[in-house]
Amino acid sequence: AAPPEEDAGTDAGSDFLACAVSDEGSWNDKSFNEAAYDGLTKAKDDLGIETNDAESDDTEDFVPNLTQMVDAGCDVTFAVGFNFSDGSLEQIAGENPDSHFVWIDGYDLGTGNVKPIQYSMDQSSYLAGYLAAAYSTTKVVGTYGGLDIDAVNVFMEGFYYGAKAYETETGTPVTVLGAPVDGPGQYTDPATSFQDAAGALSITEGQLAQGADVIFPVAGGLFASTAEAIQKSGKNAVFLGVDKDVAVTSPEYADLVLTSVEKRMTTAVFDVISELADGGEFTVDPYIGTLENDGTALSDFGSFDSKVSNEIKAKLEEIKAGIIDGSIVPVPAS
Amino acid sequence: MKLELRGITKRFGSLVANDSISLTVQPGEVHALLGENGAGKSTLMNVLYGLYQPDEGQILLDDEAVVFAGPGDAMQAGIGMVHQHFMLIPVFTVAENVMLGHEPTHAGGVLDLAKARELVREISSRFGFEISPDALVSDLPVGAQQRVEIIKALSRDAKVLVLDEPTAVLTPQETDELMVIMKQLAASGTSIVFITHKLREVQAVADTITVIRLGKVVGEAEPTASSAELASLMVGRDVDLTVDKPPLHAGADALVVTELTHFDDHGQKLLDDVSFTVRAGEILAIAGVQGNGQTELTEAILGLRHRVYGSVKLGGRELVGSSVRDILDAGVGYVPEDRKKDGLVGEFSVAENLMLDRSFAGPFTKGLGVDFAHRDEFAREAIGEFDIRTPGGSTPAGRLSGGNQQKVVLARELSRDLQLFIASQPTRGVDVGSIEFIHERIVAVRDSGIPVLIVSTELDEITALADRIAVMYRGRIVDIVPSDTPRSTLGQLMAGVVA
Amino acid sequence: MSTDQSVNALPPQPRANQLLQAVLGGGFVRTLLAIVLAFAVASLLIIFTNEDVITASGYLFGRPGDFFSAAGSAVGDAYAALFRGSIYNYNADTVVAAFRPLTETLRFAGPLIAGGLGVALSFRVGMFNIGAQGQILVGAAFASFASSMIHLPYGIHLIVAVLFGLVGSALWAAIVGVLKAFTGAHEVIVTIMLNYIAISLVTYLMRTPLLHDMEGSNNPMTIPPDPTAVLPRILGEGFALHLGFVFAIIAVVVYWWLMERSTTGFRLRMVGINPDAARTAGIDVRKIYILAMTLSGLFVGLAAVNQALGREGSFTPSVDGGIGFDAITVALLGGSRALGVLGAGILFGALKAGGPAMQVADVAPEVLGVVQALIVLFIAAPPLIRTIFHLPGRPKRAPRKVKATKQLEEAS
Amino acid sequence: MTALAPVHETVAAPPRNWKTPIVLSVLAAVTFVVFGLLGNAQEVTFRWSEADDTISLASLVVASQPLCLVLGVLTLLGAGFAYYRAYRREKVPLWVSIGVGALFIIGLFANVGAGATVPVVFILTGAIGLSTAVIFGSLAGVVGERVGVANIAIEGQLLAGAFVAAVVASVTDSLFLGLIAAMIGGALVSMVLAVFSLRYVVDQIVVGVVLNVLVVGITNFFYSAVLSDNSEEFNFPGTLPSLPIPLLSSIPVIGPVFFDQRITTYVMFLLIPTVWFVLFKTKWGLRIRAVGEHPLAADTVGINVNNTRFWTVTVAGLIAGFGGAALTIGSVGAFVREMSAGQGFIALAAVILGRWNPWLAAVAALLFGFSRNFRIWAGQIGSPIPPDLIAMTPYLVTLIAVSVLVGKAVAPAAVGKPYIKE
Ligand SMILES: Nc1ncnc2c1ncn2[C@@H]1O[C@H](COP(=O)(O)OP(=O)(O)OP(=O)(O)O)[C@@H](O)[C@H]1O
Ligand SMILES: Nc1ncnc2c1ncn2[C@@H]1O[C@H](COP(=O)(O)OP(=O)(O)OP(=O)(O)O)[C@@H](O)[C@H]1O
Ligand SMILES: [Mg+2]
Ligand SMILES: [Mg+2]
């Protein structure tokens, strides 16, 4: 429930008030927004702080939503998503130099009060690609995106190069379908994007028909379509989740989730809040989630734990170490 | 079957369309219902047919009171009706139209078309109609459509048959045939209610006559009553339907139409080589049964139709190929046949309707805007001059009565600098008093030296106004004859028979 | 043969026009009641998803008072938040902050009014323009091009960018008019398809150097407008309200003059009510269709300009922000009249501005979508409102008499 | 008796109609020039059967360019024939148009798929899958418009059906109940439409538009308030099983496309002829059409116009609701916000494109699904055309078809007009 009205706007000192504004779409998108939101909820439950949140239906809601948070006297406000780069955050942060913002997937705006949280999703996706190639019996793997944007593409590219690393290493040719490398990549209908459930189904069916047995849908909640396509095909295929551990958040699909490429926003959000609530100093130093600091990682294999050989597991650890020490660059600079 | 209506009252808002009307129709009788436009005849019959619920009164069939919740009940009770405006579905075949509502079916509601066809053939042959059950109604001429309506009623064993103005769309010959059929039906025991305003027909076929005026029964009459008696009963005063027309002073040929041909979108030829001239100061009236190309002719002249070939010259200027606007600007006044559809914008005020075609330039405009002062001033004048009965210039035109709507159109079309005046059915649905007024105005236009083209399906109007009469049949002009040509000859020409 | 001559003597009217009457006819009180009713229905959604209420409903019969007070406070909090978010924030520390909600309402109202006028214009010409979404996208793309790729001095640049936006939307809308005039294609279908095509097309353009900064991210996104082309704020830096709202007000006046006073408007309305009579009066109906869609697009273009140049930032293909569809409801609610659209635009602007505050009060923002739909539905059905509130009105239809004749029934 | 006036031939030769030949020659020119002359020399593989099919056909491997040149010549011949017919003022036979269209499509696939594979079965089954809901929607549209009610709310009915099917099937664990509930959901939306437009005489298009907004609002509301946090309980319905028909399903190509489908798809196959049969061969159909063409005339023969409209529209709602179920339990399982995503509007276009005939409307809807799947296939083989532009195809195809091929189609005369007595 909401905090009592009287102290929402005026009294910010006694209680810590953490707030969040979503990217386009709702908090419960089973993915990106939800991960951030969970961090907020966790902070509220574990730290006993107050929270406020607002969903943005589209980018034009950003400014009023942020304004609302400023007016509510939030001690820190999370702006969830790269889309805030449309100037809305820059404007509000500029106008309210005393307010503090944290921008997930953002960058330093130079306003002095916006802390970026960034993720090297290519790192974990690279691992996922390698795992997919190794796990695949057909040596054909596939990926598709909900929208042709960087935040999505970085997953797909990391996945591609990871799978190709397996090819280089073992000499077994691996086919990666749908990645935006050397071609346009495969996406759902841009007019309906993350709502194009039937399109996602058809795309997966196509990739399965081409022999893929590991699919990496980078399309929010549309993994349900992929799961359905796999089940219907009767093939022994699996898919990989993104952002959160899908096997946990949607247990109904757990028996098809090989692993998930986690973007641990929940942790990052929680950590930032707890530090500030403890009286920590707000800084604009970016938080960068990497394999190294566990900001991003592959989830546990869950029910697939026994099906992934120790050899592969060891290999994944090895690659992870390589990425951390810089000897492996997941996505070559173009 | 004996039909009795007792004290039927039907109100539309404050308008009392039927005011305590009582009448009795004996079995096997042809009962004529006579009355002016808007007298309430159709309303009464719609009440009988269950389409309207009476506010007061009773319907008795064979002395038993009945209440009809809808036409379905009325039909079950043996009442059939041929409506003034046909109730046929144009895209259906004859058989489909006839069976609609009481379809013969196989098991599971599947239509039994064979049976329906058979029924149509059987009734057709009984009355000598030549109607194919598989013809599309939209392809049939109006006369044939009416026969389909009759078949429809008979196919349900109607014991009381209502015919609402059945002769309006028929040639004199077809009218005669219909009379024969009516007598034949009456002889077989069917009671017939026959609505018309044509006294001639009433006298020819009716056994009993009831006259309605302003929603009330004003009298009963025998078929032997004279026309003058009936007419004064109908109108409530003595009427003189002849028009005072000064002798003709025709000038040079003003409107010259040569070989005008027109196709519709399906390649159907609707005007076929039409040629005639109208001289300045002369009225040429076009007679013919509805649907023989008259509408198309006036619309082609006005530029409203595509695929028009040939020539229309007005004062030497070619009109074919010009836009409607140019043609109007050339000085053509035009009263369309259907004023509600083509002549007026019902929701616009009377004042706005009076400037409908003059919004581009001229006195009604001021810069890019409308000159409201001039518009309202003009409306005031026109309302006075044409005796338009309206609460004011700002009343929506759609709220006026038919006759007054017609006067609005007339006032507008006559207020321009005219080189030609065309009027289609200028007095359709207009009361007797207004008819006189409109006819006077048309004659005045003629006398000011302007060529006038009149289209009418009413022979009385044609003979009253015309200096010469052109008769159209199937898109062609059959003949152009002097105004004193006898009715019977005109009737034959209208049926396409040349002497 | 007309279908209804003998029963209905008034001329048949085009649809858009009947609806206009339906919406307009009832007047102020009914509009107000419809709004109240819509909020009342939406309260149910608020009540039954509120956590406190759900808890209280657990012991509804034991302590019904708790349930009702929880329900009452859930609804009260929600609508108080709506008020604070859209009109006046009585909790604010500063005067500026207190009045900011009202200016935000007006800022959101700007494009809604402009878009609403565009859709309204098409209604009054008997057409149904559901293509405002696509028109806004194309207009915004044009405006973005002019504001970021062309560099001009202050003043001129803004004018050029605004004109580009208007022209872009008008062109996209004109396609509808041309197709309707020359092929007879139904504008409802055409506008819907053009919406989808615009989404793809504009997304594509937002990846090309025409609109996109190829050095930056690969996301489909425009380059921010030059400062010279941004609509300036009109109440100072404390308020985001910008010149776009003034333009919208000017558009209301222009629309009023155009539709009610000008000869062009006279012809547009004439075609809308009775195209046959218009043709007979020498009006080229096809030209009017094209003209009407172009004009409609010009008004919608103003909404596009508001969206594209109202802020300093760049934008993505979702720049339309749902205004394309909201414009339809605004036009319907406003009875397609200038003042009505102004009022409806402000009302919907308030709902948009108040949404975030309601979310903070823990109400799902989707409730407001339901409210909008219900308001229009209730307004469109005067008899419903009359029945619910027992208002006087036209007498009801005479009750159907019961069939007295048993035989008839049995026979059938 | 005297002679009848000489009656001239009143039916003239119809005007030459160049529309079809022009459209066909454009298609032919594209096939010959773009796909052929400027085409790609690589080989294209047409795959007829998938690995696990009982009977497998060998794939056809041909060089793209020569194939397209041959197709180009054939289409040019077809177009030429069309010109000849048009010149003689004769109708261009439908099979010529269909033939040229089909050859064009083969050319398109051969050109885009040069150097890759065209999995024919996948493309066809996918097309059917992507058009199922649209076909149901268009059948609902045909039924509604035939009785004279314009149903813009198909979109909302699909969405309501999809939502209700997913929730009810999840909660009750019965896909069958989900199907029934979806039909009821669609019918409820229809009934609101009917009550408002028939009883309160609100403009049908207005009610339709508003209902769409309302259904989106309500489903979104419940999705975020209830479904998303409890998806296993409320939004995990599972899907209807595939029911291969023995023997028939093992026929190459045709088998997997037509005889290895879900119950929703079979119902769709059956519903198309059923709707046609009911509309044109039964007394209810005759009455429905009568009411849609000329309600007053129907009234005068004892048909209760508004009752007929009410129940017919309700039945249309049942159909659309069922189509909604095909989106969730007949396809992807879970409900996704606003997942109807404009398919109801496409269905409306299909109604017009199909000239209010169930068969043609279904074909039009299928064409849409086909172009959607073309987009997906083109993405799959990495076609060089920008994906954003390929994404337009279905809508562009619909737009062109509606404006060029159909033009002023004649709707049932009374569509959208309320019937008011007295
Ligand atoms: N549905 C209606 N609503 C309101 N007024 C009506 C309606 N139908 C008829 N009227 C009015 O009732 C009166 C009687 O009309 P009715 O059609 O019965 O006349 P009529 O005698 O058949 O005339 P006509 O000879 O022109 O057919 C007229 O004034 C008419 O305008
Ligand atoms: N369908 C209708 N609904 C409401 N009012 C109607 C309707 N039809 C006619 N009226 C009203 O009934 C009155 C009479 O109309 P009608 O056209 O029948 O007049 P009329 O008696 O035929 O007169 P006129 O001789 O001038 O044609 C008018 O005031 C008109 O407004
Ligand atoms: Mg009558
Ligand atoms: Mg009258």
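Residue numbers start from 1 in every chain, and the chains themselves are labelled A, B, ... in the order their sequence lines are given, proteins ahead of strands.
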Approximate separation, where rounding is to 0.5 Å, of [X] [atom1] and [Y] [atom2]:
X	Y	atom1	atom2	value
B:E103	D:R287	CD	CZ	4.0 Å
B:H83	D:T300	NE2	OG1	4.5 Å
B:L100	D:E293	CG	CD	11.5 Å

TODO: Output the option from B:P104, B:G80, B:G109, B:G475 having the highest count of non-hydrogen pairs under 4.5 Å with chain D.
DONE: B:G109
TODO: Measure distances from B:V91 to the heavy atoms of chain D and classify the residue's part below 4.5 Å as side chain, backbone, both or neither.
DONE: side chain
- [ ] Could you look at B:H106 and say if it's the side chain, the backbone, both or neither that has a heavy atom under 4.5 Å from chain D?
- [x] neither
Atom [atom1] of [X]: over 12 foreign heavy atoms under 6.0 Å:
X	atom1	result
D:Y87	OH	no
D:F176	CZ	no
D:Y84	OH	no

So do the side chains of [X] and [Y] get within less than 4.5 Å of each other, counting heavy atoms only?
X	Y	value
D:V301	B:M87	no
D:R289	B:I89	no
B:L111	D:K281	no

TODO: Could you look at D:I303 and say if it's the side chain, the backbone, both or neither that has a heavy atom under 4.5 Å from chain B?
DONE: side chain
